[in-house]
There are 4 protein chains.
Amino acid sequence: MSKRPNTEQRRAEIVSALQATIAECGYAKATIQLIAQKAGLSPGLLHYHFKTKGEILLELVKTLAGLSQQRYAVLAATAQTPEERLIAYINARLATGEGANPTAVAAWVMIGAEAVRQPEVRAIYQQAIGAEFALLQALLTDYLQTVGKPAGAVDRLAAGLLALMEGAFQLASAAPGMLPNGYAAAMAIAFVSGQLAAEP
Amino acid sequence: MSKRPNTEQRRAEIVSALQATIAECGYAKATIQLIAQKAGLSPGLLHYHFKTKGEILLELVKTLAGLSQQRYAVLAATAQTPEERLIAYINARLATGEGANPTAVAAWVMIGAEAVRQPEVRAIYQQAIGAEFALLQALLTDYLQTVGKPAGAVDRLAAGLLALMEGAFQLASAAPGMLPNGYAAAMAIAFVSGQLAAEP
Amino acid sequence: MSKRPNTEQRRAEIVSALQATIAECGYAKATIQLIAQKAGLSPGLLHYHFKTKGEILLELVKTLAGLSQQRYAVLAATAQTPEERLIAYINARLATGEGANPTAVAAWVMIGAEAVRQPEVRAIYQQAIGAEFALLQALLTDYLQTVGKPAGAVDRLAAGLLALMEGAFQLASAAPGMLPNGYAAAMAIAFVSGQLAAEP
Amino acid sequence: MSKRPNTEQRRAEIVSALQATIAECGYAKATIQLIAQKAGLSPGLLHYHFKTKGEILLELVKTLAGLSQQRYAVLAATAQTPEERLIAYINARLATGEGANPTAVAAWVMIGAEAVRQPEVRAIYQQAIGAEFALLQALLTDYLQTVGKPAGAVDRLAAGLLALMEGAFQLASAAPGMLPNGYAAAMAIAFVSGQLAAEP
DNA sequence: AATGAATGAGCATTCATTCAT
DNA sequence: AATGAATGAATGCTCATTCAT
């Protein structure tokens with residue numbers, strides 16, 4: 001008698017199409033027409049499932065942030081020691097190669113730029129950044145404790161690692177191939193190790 | 001009697017107005033009307049001095065990149081040792097406080113996002129990144145030589161520092177106040193110091 | 001066992017939802033989705049019971065006009081003399097308080113505006129206005145006969161009363177609270193009484 | 001060196017085109033394209049001179065209200081006695097024939113409907129209604145004083161006249177030709193006269 | 001009878017660019 | 001050099017209507 005709702009699936013398709021489009025053209029040039037075309041849907045349908053274009057963006061940010069969380073859940077299960085966990089985390093986020101997702105990275109960079117000016121995007125972006133920051137703090141605290149080092153500078157250390165990661169995303173998208181291969185993960189790990197040697 | 005051309009001044013005013021506007025609204029929302037209004041000029045005049053909107057952006061990227069070079073010229077004159085030069089450089093780019101220029105930083109972040117998709121912007125962005133990278137390589141090479149360390153990992157070290165700086169810019173613009181005060185300069189310096197202790 | 005058609009009930013529900021919506025948002029903003037939502041039905045079902053949106057409007061006009069007729073049927077039964085009938089009629093249409101129906105009044109005003117441009121709405125609107133006009137003529141003729149006055153100006157008198165009533169509806173909807181309380185019914189009755197005294 | 005602004009003239013042309021369009025199609029169907037076409041201008045130009053469509057409407061309401069005021073200024077100069085002034089006023093607003101402006105009347109009716117739901121339109125509409133009401137009160141007070149009658153019911157009398165006038169506009173637009181010719185002005189005057197005879 | 005997804009034409013609005021002055 | 005009106009294509013969004021289920 002009634003139609004079965006397929007809203008969730010359609011919404012996912014649309015969000016996925018936005019990710020692809022935004023990675024390629026940026027948010028402003030990712031027009032509804034273009035997204036719809038990439039999703040194989042009619043423009044009107046996008047507004048049936050999402051009230052505004054901004055709402056699709058918000059959903060994408062949530063999805064991307066969730067992806068990061070999922071990766072952590074996976075790695076946390078595998079790694080044994082705090083050191084392994086930290087290194088696995090860094091590799092999961094920065095290592096190029098098999099698990100790398102350039103589209104998601106490029107989309108994330110565009111979202112970061114959008115966050116500078118759209119308060120609503122900024123709010124969710126900051127939520128994601130905050131979660132990542134807290135996770136890094138926890139991982140670092142565990143690690144430092146294991147090696148018998150004081151946890152004094154964990155905040156700044158975590159912030160530095162976060163900046164290194166975000167900067168690596170930016171440079172990978174806007175200046176691909178200009179920097180040494182695989183520098184980001186290596187340097188992030190070296191950064192942490194260096195701090196251990198340097199601290200009293 | 002003679003009409004002296006004020007083209008150069010006008011162009012500078014327009015570029016400056018674009019910087020202010022882009023920092024506030026992003027490039028896409030920085031309309032010719034808005035830029036003109038912020039510069040106190042008429043919209044038509046902008047197209048008299050610049051053929052297209054993109055041309056103004058290109059000029060801004062050059063200006064911003066040049067600003068960085070100028071800062072180096074200043075610091076290179078003051079600093080005595082390679083270590084002082086390196087630290088002065090890092091502080092010049094990352095230190096918050098007196099010399100800090102949030103508008104330029106925000107504009108640079110937006111330009112970085114624009115570089116992902118506009119090939120012409122990307123070209124100049126990469127030029128600026130390349131110059132910064134080369135400068136960092138030179139500073140690091142000098143420094144390592146002074147302390148008697150091998151210059152093997154200079155490339156990756158420079159790339160890591162560059163990423164940390166760009167990431168710090170991004171986070172300062174999109175998530176202001178979320179991270180510890182002054183972490184960026186401190187961590188950049190700690191990053192370099194740590195590598196010295198760690199390397200054989 | 002047998003499916004009894006609930007078409008008539010559904011149609012009434014839809015028309016009622018249109019009345020509520022039109023009173024609140026006007027006809028143009030009364031979208032099918034909104035009406036359906038207010039009726040607790042699905043949008044598709046509205047087009048099952050009515051071919052077009054305009055058809056629902058036409059039905060509403062008929063309903064509203066019929067309501068007026070019903071009120072007359074009720075009052076005609078109660079009132080004894082022509083004077084009582086006339087006053088009862090005026091009160092039924094204009095008196096504020098218990099019997100007042102602001103939603104119907106507001107909807108009627110919107111329909112009046114719609115009638116200016118939609119020929120099909122205009123036709124039914126005019127039918128309703130014509131019926132009211134005829135009723136007023138009859139009531140006035142009876143009344144004047146009773147008091148021994150010539151029925152010469154009955155047409156103009158009825159037209160004037162009609163205009164006063166429609167204008168009162170308009171002002172009640174678009175400028176509520178600006179005019180003295182209960183002025184409309186009082187002035188309509190005074191209007192009629194005045195004519196008796198004035199006529200030779 | 002510079003272009004001479006023609007903004008005021010263009011704005012007037014646009015408002016005039018809206019009046020013509022609104023009278024014919026109503027506000028919702030008066031699209032920017034249609035108005036522009038009727039004004040012989042490009043659609044974009046309408047948004048150069050007015051920020052939004054609603055702003056054009058607001059300007060039209062002001063214009064129409066101002067027209068009414070102007071008519072009073074003219075008639076006030078001509079008429080000698082309070083009675084003449086009152087009758088001249090009624091004729092100026094209601095008399096069909098030479099001075100009549102069906103386009104303005106139809107536009108006014110549509111605006112009245114729009115006022116029911118758009119708060120901003122309602123505010124200006126009520127301002128116009130309020131001015132007209134105050135004017136009627138003044139005219140009636142003067143008149144009643146002249147004929148030695150108490151001014152007790154001036155408010156309700158003025159409200160009744162106002163309703164009669166607005167209703168006459170509505171009926172003239174939505175049901176043209178259905179009512180006796182020239183009934184409105186005649187009945188308005190009869191209404192006032194009747195009250196004199198009736199009051200003690 | 002009923003659902004709700006889907007369509008596509010139409011809308012107000014924005015904006016880089018042009019041009020007459 | 002400078003102005004500001006003018007253009008028109010493009011965009012996000014709305015909505016009556018259709019249709020498979």
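Throughout, protein chains are lettered first and strands after them, A, B, ... in sequence-line order, and every chain is numbered starting at 1.
Put simply, CG on Leu58(B) and CD1 on Ile124(B) are 3.5 Å apart, with the number rounded to the nearest 0.5 Å. In this structure, OG1 on Thr103(B) lies 12.0 Å from CD1 on Ile22(B), to the nearest 0.5 angstrom.
Mapping Tyr27(D) and Ser42(C) onto DNA chain E via the closest heavy atom, the residue that lands nearer the 5' end is Ser42(C). Comparing Gly40(A) and Lys51(D), the nucleotide of DNA chain E nearest to each residue sits closer to the 5' end for Gly40(A). The nearest heavy atom of DNA chain F to Arg4(A) and to Pro5(D) marks one nucleotide each, and the one closer to the 5' end goes with Pro5(D). Judged by closest nucleotide on DNA chain F, Leu41(B) is the one of Pro43(A) and Leu41(B) placed further toward the 5' end.
Atom pair Ile35(C):CD1 and dT14(F):P shows a separation of 17 Å (rounding to whole Å applied). Nucleotide dT3(E) holds its C1' atom 9 Å from the OH atom of Tyr48(A), rounded to whole Å. Atom pair Lys29(A):NZ and dT14(E):C1' shows a separation of 12 Å (rounding to whole Å applied). Here dG8(F) presents its P atom at 14 Å from CG of Leu46(D), a figure rounded to the nearest Å. Summarising the geometry, the separation between CD on Gln37(B) and P on dA16(E) is reported as 13 Å, rounded to the nearest angstrom. Between the CD1 atom of Ile14(A) and the P atom of dC13(F) there is a distance of 13 Å, given to the nearest Å. Between the CD atom of Gln9(C) and the C1' atom of dA2(E) there is a distance of 14 Å, given to the nearest Å. Regarding Phe50(B), its CZ atom lies at a distance of 20 Å from the P atom of dC15(E), rounded to whole Å.
As judged by a 4.0 angstrom heavy-atom cut-off over every strand, Arg10(A) is placed among residues touching the sugar-phosphate backbone only. When heavy atoms are screened at a 4.0 angstrom cut-off, Thr31(C) is found touching the sugar-phosphate backbone but no base atom. Nucleic acid contact class of Ile32(A) (heavy atoms, under 4.0 Å, all strands): sugar-phosphate only.
Of the side-chain N and O atoms in His47(A), none sit less than 4.0 angstrom from OP1 or OP2 of dT14(F). Between dA1(E) and Thr7(C), a contact under 4.0 Å exists linking OP1 or OP2 to a side-chain N or O. The side chain of Lys53(C) contributes an N or O atom lying less than 4.0 Å from OP1 or OP2 of dA16(F).
Gln170(D) is not listed as a side-chain neighbour of Phe169(C), based on a closest heavy-atom distance of 4.5 Å or more. Val15(A) is listed as a side-chain neighbour of Phe50(A), based on a closest heavy-atom distance under 4.5 Å. Using a 4.5 Å heavy-atom threshold, the side chains of Lys62(D) and Gln127(D) count as separate.
Nearest to the side chain of Lys3(A), among dA2(E), dA20(F), dA6(E), sits dA20(F). For Asn6(B), the listed nucleotide lying nearest its side chain is dA1(F); candidates were dT21(F), dA1(F), dA6(F). Closest to the side chain of His49(A), from the set dG12(F), dT3(E), dA6(E), is dA6(E). The side chain of Leu45(B) lies closest to dA1(F) when the candidates are dA1(F), dT7(F), dA5(E).
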Secondary structure of DNA chain E per the Watson-Crick/G-U criterion (both distances under 3.5 Å; [ ] crossing, | other strand, . unpaired) is .||||||||||||||||||||
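Among residues two or more places apart in sequence or in another chain, the ring pair (Phe, Tyr, Trp, His ring centres under 6.0 Å) test is passed with Tyr125(A) by Trp108(A).
Panel note: side chain Ser16(D), backbone Ala12(D); no donor-acceptor pair is recorded below 3.5 Å.
Identified under the side-chain hydrogen bond (donor to acceptor under 3.5 Å, both in side chains) test for residues 32-56 of chain D, with sequence neighbours left out: Glu24(D)-Lys38(D).
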